[in-house]
Amino acid sequence: MPQLVRSDIARGVATLTLDSPSNRNALSSALIEQLLSALRAAEDDPDVRAVVLSHTGPVFCSGADLKETAAALAASGGDRATPPAGRLGEVLAAIWESAKPVVARVAGPARAGGLGLIAATDIAVCAADATFAFSEVRIGVIPAVISATVLPRLAPRAAAELYLTGNTFDGVRAAEIGLVTTAVPAADLDATVAGYTDALVRGAPGALAGAKGLLRRGGDLRADVEELTALSVRYFGSPEGLEGVQAFREKRDPGWVPVG
């Protein structure tokens with residue numbers, strides 16, 4: 001199996017790099033499994049004090065692997081959980097619940113499930129010209145699972161607008177509405193991420209874990225994820241979901257888009 005997630009450790013920081021640029025770092029079953037493994041290894045390593053989630057290629061993450069999703073839906077008649085949709089919640093929970101601070105480094109576009117990854121991290125830094133979209137409704141599904149991490153971050157009016165329209169927005173707006181911590185010129189991205197990790201490793205490990213516990217009080221993310229995963233799978237297997245995924249792969253408008 002190809003290596004789709006690389007892990008490098010230096011000066012107390014584990015950098016986990018999504019390395020599947022050929023499909024825009026889509027969340028395939030293989031990438032999800034490798035990312036979960038890398039997150040567990042970082043969590044268990046006493047020398048790791050903070051984690052950076054980064055990527056190769058121009059795209060941070062394009063969301064669920066729709067090629068794999070379409071194949072799974074065809075094999076199951078839309079009745080079973082597709083592997084990417086069924087396991088995305090595990091990744092979000094692993095990042096959200098990590099005792100170690102997690103920083104997202106976003107140099108390029110993110111869509112759908114990729115936004116859930118960003119929202120799950122504690123600190124997110126993006127290039128100002130990076131683009132984002134909750135594109136789910138345009139393929140007949142909804143941003144169900146990622147809502148567990150996205151909605152606690154986003155301003156409610158912005159969430160309504162962007163969930164319902166699927167419109168694209170840039171890094172500056174992502175910072176304004178709370179999806180990311182800060183948006184910076186692309187040339188300053190790595191220095192800004194390093195500034196955050198340099199500050200994080202100065203914190204006592206137990207105190208950092210305790211501070212994260214304070215930030216996560218009052219919610220049961222795993223319970224939310226379980227319920228939202230079932231909802232996501234239902235939409236992927238619906239007639240609209242099946243048509244939307246097929247239309248996306250065929251690079252055409254789905255049947256519900258008015259003609260003329």
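Please read these numbers as outputs of a predicted model, since none were measured by experiment.
With contacts defined as side-chain heavy-atom distances shorter than 4.5 Å, the pair Pro84/Ser29 qualifies. Proximity of Leu31 to Gln34: side-chain heavy atoms (C-beta onward) are nowhere separated by under 4.5 Å. Here the side chains of Cys61 and Leu117 are in contact, with some heavy-atom distance below 4.5 Å. Contact check for Ile95 versus Leu39: side-chain heavy atoms found under the 4.5 Å cut-off. In this structure, Leu242 and Phe236 have side chains that are not in contact, with every pair of non-hydrogen atoms separated by 4.5 Å or more. A 4.5 Å side-chain heavy-atom check between Arg11 and Arg49 finds every atom pair outside the cut-off. Residues Phe248 and Arg138 have side chains not in contact (no heavy-atom distance under 4.5 Å, counting atoms from C-beta outward). Side-chain atoms of Thr121 and Val51, non-hydrogen and from C-beta on, never get closer than 4.5 Å to each other.
Sparse packing is recorded around CZ of Arg24, with 12 or fewer heavy atoms of other residues, nucleotides or ligands lying under 6.0 Å away. At most 12 heavy atoms of other shown residues, nucleotides or ligands fall within 6.0 angstrom of atom CZ in Arg157.
Between Gly108 and Ala130 the shortest heavy-atom distance is O-CB, 3.7 Å. Contact between Ser54 and Arg105 at its shortest, heavy atoms only, is OG-NH1, 3.0 Å. Of all the heavy atoms in Gly140 and Ser238, the pair that sits closest is O-OG, 4.2 Å. Scanning all heavy atoms of the two residues, the minimum distance from Gly114 to Leu27 falls at N-CD1, 4.5 Å. What you find for Leu228 and Ala148 is that their closest heavy atoms are CD1-N, 3.8 Å. Minimum interatomic distance between Ala119 and Leu179 (heavy atoms only, all atoms of both residues): CB-CD1, 4.2 Å.
Atom OG of Ser28 sits about 11.5 Å away from atom NZ of Lys67, to the nearest 0.5 Å. Interatomic distance, Asn25 CG to Asp65 CG, rounded to the nearest 0.5 Å: 11.0 Å. Separation of atoms CG (Asn167) and CZ (Arg173) is listed at 9.0 Å; rounding is to 0.5 Å. Distance check, rounded to the nearest 0.5 Å: CD1 of Ile142 to CD of Glu240 gives 11.0 Å. Interatomic distance, Ile139 CD1 to Tyr235 OH, rounded to the nearest 0.5 Å: 13.5 Å. Between the CD atom of Gln246 and the OG1 atom of Thr69 there is a distance of 12.5 Å, given to the nearest 0.5 Å.
Note: the hydrophobic cluster containing Leu36 also contains Val145 (ILVMFWY, side chain heavy atoms under 4.5 Å, direct or indirect links). Note: the hydrophobic cluster containing Leu4 does not contain Val59 (ILVMFWY, side chain heavy atoms under 4.5 Å, direct or indirect links). Transitive grouping of hydrophobic side chains (ILVMFWY, heavy atoms separated by less than 4.5 Å) keeps Leu215 and Leu154 in distinct clusters. Under the 4.5 Å side-chain heavy-atom criterion for ILVMFWY residues, no single connected hydrophobic cluster contains both Leu53 and Leu208. The hydrophobic cluster containing Leu115 does not contain Val172, counting ILVMFWY residues as joined when their side-chain heavy atoms lie under 4.5 angstrom apart, directly or transitively.
Asp45 meets the side chain to side chain contact (heavy atoms under 4.5 Å, CB included) test with Ile9, Asp47, Val48; sequence neighbours excluded. Taking the ring-ring contact (aromatic ring centres under 6.0 Å, His included) definition, one finds that Tyr163 meets it with Phe134, sequence neighbours left out. Arg6 pairs by the side chain to side chain contact (heavy atoms under 4.5 Å, CB included) definition with Gln3, Asp8, Thr17, Asp19, Thr56, not counting sequence neighbours. The ring-ring contact (aromatic ring centres under 6.0 Å, His included) search around Phe169 returns Phe132, not counting sequence neighbours.
Other cluster members for Leu221: Trp96, Val225, joined by side-chain heavy-atom distances under 4.5 Å among Ile, Leu, Val, Met, Phe, Trp and Tyr. Grouping Ile, Leu, Val, Met, Phe, Trp and Tyr residues whose side-chain heavy atoms lie under 4.5 Å apart, directly or via other members, places Ile123 in a hydrophobic cluster with Val13, Val52, Val103, Val125, Val184, Leu189, Val193, Tyr196, Leu200, Val201.
Remark: Lys212 does not engage Glu97 in a salt bridge, criterion side-chain N to carboxylate O under 4.0 Å. Using a 4.0 Å cut-off between charged nitrogen and carboxylate oxygen, Arg111 and Glu136 do not count as a salt-bridge pair. Ion pair Glu227/Arg222 not flagged as a salt bridge, since none of the NZ, NE, NH1 or NH2 atoms sits closer than 4.0 Å to an Asp/Glu carboxylate oxygen. Between Arg216 and Asp122, at least one side-chain N (NZ, or NE/NH1/NH2) sits under 4.0 Å from a carboxylate O, which counts as a salt bridge. For Glu43 and Arg40, the salt-bridge test fails: no basic side-chain N is under 4.0 Å from an acidic carboxylate O.
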Worked verdict on Asp129 versus Asp170 for side chain to side chain contact (heavy atoms under 4.5 Å, CB included): CA-CA 6 Å; Asp129 60 358; Asp170 65 13; over 6 Å; no
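Of the possible donor and acceptor atoms, one in the side chain of Thr165 sits under 3.5 Å from a partner among the backbone N and O of Glu161. No side-chain donor-acceptor contact under 3.5 Å links Ser7 to the backbone of Leu16.
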